[in-house]
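Computation of the quantities below employed the complete heavy-atom set of this structure, encompassing side-chain atoms and omitting hydrogens, waters and symmetry-equivalent molecules. In listed order, ligands and their atoms are each counted from 1.
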Amino acid sequence: MEPNFAALRREFPVLERKTYLNSGSYCALANDVKAAIEAYMEDRLAVGANWDVWITKNEAVRTLTAQLLGATPDEIAVTASVSAGLNALASAFDFTGKRNKVVVSDFEFPTNAQIWHAQEPRGARVVHVSRDATGYIPAERFADAIDESTRLVAITHVCFRNGAKLEIPEIVRIARSKGALVLLDCYQSVGSMDLNVKALDVDFAVGGMLKYLLGTAGLGFMYVRESFTKSLVPTNTGWFAQENIGAMDITANRPHASARRFEAGTPAVVNCYASEAGLKFLLAVGTKAIEKRNQALTRRCMERLVEIGWPSVTPTPDARRGATVCIPSRDSGALSRELMNHGIVTSHRDDNMRASFHFYNNEDDIEALITALKDLRGKLGPR
Ligand SMILES: Cc1ncc(COP(=O)(O)O)c(C=O)c1O
């Protein structure tokens, strides 16, 4: 049975005030998430330092994230950010041998390219796979870049610039045929669609809580395939990455025998409260239903944009699109600001205004956007 999306929408009070189309940047705040943050505050006042409970919140985030991704809790590192997870992972690779190439794409979020370039003094070679004339990166373009010297293919699932979704199963197949590992940056997809790391057969996956996972900034995750949770040893580490945190041993580094070895310091407790509530909410709605709804909303939005003569730059096939529709403008920043004056919350990157959808959006949101865009086309339409 389809979830009652109209009832779910009422759990996000900001939607009564704004047309909120910005979940690819930061989700709308759910009542449950607000209540969880307030519960933390109450705990601070009532108990002070309730570490025994707080640690269970960090573990709850791990378990729920594992459930969401189809992994085991021991394969999940709870990190401060995607960047923190990537830095720990990069520190565990040896780039001095023959397999020193890292393949990234032109669709990467900066951090998933910059961190690999930062490994160049350690021997890494970073190769970028570029887009074709249509603006997309078909899987076969990766075949030219991935070879026997490739250690890692580090790619985004959905591009934050244009909403395009890469053909991950095909790219993974190419990587496997050359013995390369695959890291998926799923920040722009996780929570907006059904995602199973085992089915996708990736070795690592990174994301965070503040976008489609309904949580808050300051908390991320890294999935690490079980076999690598023991064989890879990060040098970027800390006391929460140790086998026995309570040992307080200062004589050696003894990494945990799970993905926890990619963590570092004290967990972000308040963020764990918020993100636990967000993940529970999301899992109760169901990612399959969310994917279907987001595909329908983005498809409808794109059809309406074509009707008003202002087509998006996001791919039209459902399989090649995430939950964001990117609309070209001669001044995308000004367009976002003007939309804000119309009560419509969006964001912008490059020459595109980004309208990101989640299950709590509806057709009225699309119509509000279309009406405003009709108004603004003369001034801020595409070049
Ligand atoms: C695809 C993608 N990767 C990574 C990030 C950010 O990572 P971090 O958690 O290090 O800020 C974002 C944030 O917008 C993103 O869209």
Please say whether [X] places an N or O atom under 3.5 Å from an N or O atom belonging to ligand 1.
{"X": "Tyr187", "answer": "no"}
{"X": "Gln188", "answer": "yes"}
{"X": "Thr111", "answer": "no"}

Any idea which protein heavy atom is nearest [atom], and the distance to it?
{"atom": "atom 10 (O) of ligand 1", "value": "Ser83 OG, 2.5 Å"}
{"atom": "atom 6 (C) of ligand 1", "value": "Phe109 CE2, 3.6 Å"}
{"atom": "atom 3 (N) of ligand 1", "value": "Asp185 OD2, 2.7 Å"}
{"atom": "atom 14 (O) of ligand 1", "value": "Lys211 NZ, 2.7 Å"}

Quiz prompt | Per-atom contacts of ligand 1 with Ser81, taking only distances under 4.0 Å to non-hydrogen atoms | solution =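 The list of qualifying atoms is 8 (P), 9 (O), 10 (O).
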Self-check item: Side chains of Ser356 and Asn22, donor plus acceptor under 3.5 Å
Solution: no
Self-check item: Donor + acceptor pair across side chains of Asp331, Ser329 (<3.5 Å)
Solution: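 Per modelled atom types, Asp331 and Ser329 side chains form no pair under 3.5 Å.
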Quiz prompt | Centroid separation Phe228 to Phe204 less than 6.0 Å | solution = yes
Self-check item: Ionic contact status for Glu263 with Arg260, cut-off 4.0 Å
Solution: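 Glu263 and Arg260: not salt-bridged.
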Quiz prompt | Nearest heavy atoms of Trp310 and Leu380, plus distance in Å | solution = CZ2-O, 3.5 Å
Quiz item: Think Lys211 forms a cation-pi with Tyr26, using NZ or CZ under 6.0 Å from the six-ring centre and within 45 degrees of its axis?
Solution: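 Cation-pi check for Lys211 and Tyr26: fails.
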Self-check item: Phe160 six-ring centre to Arg349 NZ/CZ under 6.0 Å and within 45° of normal
Solution: no
Quiz item: Where's the contact between Val82 and ligand 1, heavy-atom distance under 4.0 Å: side chain, backbone, both or neither?
Solution: both
